[in-house]
Amino acid sequence: MNIRIAEGDIAERVRSIVAGLRSLEGPLLPILHEIQDAFGYVPQAALPVIADELNISRAEVHGVVTFYHDYRDHPAGRHVLRLCRAEACQSMGGAALAERIKALLGIDFHQTTPDGSVTLEPVYCLGLCACAPSAMFDGEVYGRLDDELAAELVEEARR
Ligand code: FES
């Protein structure tokens with residue numbers, strides 16, 4: 001369930017997260033992780049607050065958020081399906097399989113189905129290269145992904 005959070009509440013929560021982590025060396029990544037854990041994504045409204053608090057530019061914060069594929073800019077669906085887009089998986093048919101999964105779900109990467117059931121995300125190596133192509137479904141990894149297993153995961157995600 002996605003709950004709309006007021007910008008003021010976001011700012012207050014973000015300030016408190018920054019306060020707890022700012023003394024770390026290189027605090028930006030841990031702060032972004034904590035924010036994503038807290039909200040399920042990194043709200044746009046959090047970026048200027050982080051920049052002000054860390055005394056860095058908004059462009060710098062925005063650059064880091066968009067560089068790392070782990071950060072979402074919108075709330076995720078009830079399930080998250082991550083497909084590996086790195087080389088070993090691509091060489092084992094991962095790209096074509098990803099196209100078929102996108103068609104099954106009716107969404108592209110970084111999107112959530114309109115019923116809020118599934119978010120599809122790319123991931124760059126799950127450490128399962130020997131069992132390529134690989135995927136992660138709600139934190140659990142799956143190797144040797146084929147059409148049959150992909151259809152099962154999509155069906156489970158839709159429940
Ligand atoms: S390249 Fe896909 S798991 Fe390593």
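Excluded from the calculations below are hydrogen atoms, water molecules and symmetry mates; all remaining heavy atoms, backbone and side chain alike, are included. First listed ligand is number 1; within each ligand, the first listed atom is number 1. Remember, it's a predicted structure, so these values are computed and weren't measured experimentally.
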If the condition is salt bridge (Lys or Arg N to Asp or Glu O under 4.0 Å), which residues does Asp147 pass it with, not counting sequence neighbours?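 If we apply the salt bridge (Lys or Arg N to Asp or Glu O under 4.0 Å) test to Asp147, skipping adjacent residues, the hits are Arg100.
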Give every protein N, O or S atom lying under 2.8 Å from atom 4 (Fe) of ligand 1, naming each by residue and atom.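 Under 2.8 Å from atom 4 (Fe) of ligand 1 - ignoring waters, which are not counted - the protein N, O or S atoms are Cys125 SG, Cys129 SG.
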Around atom [atom1] of [X], are there more than 12 heavy atoms of other residues, nucleotides or ligands at under 6.0 Å?
X      : atom1 : value
Arg13  : CZ    : no
Asp115 : CG    : yes
Glu152 : CD    : yes

Are Tyr71 and Met136 linked, directly or through other ILVMFWY residues, by side chains that come within less than 4.5 angstrom of each other?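 Cluster IDs for Tyr71 and Met136 differ.
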Heavy-atom side-chain contact between Arg82 and Phe137 under 4.5 Å: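 Result no, sub-4.5 Å side-chain heavy-atom pair not found.
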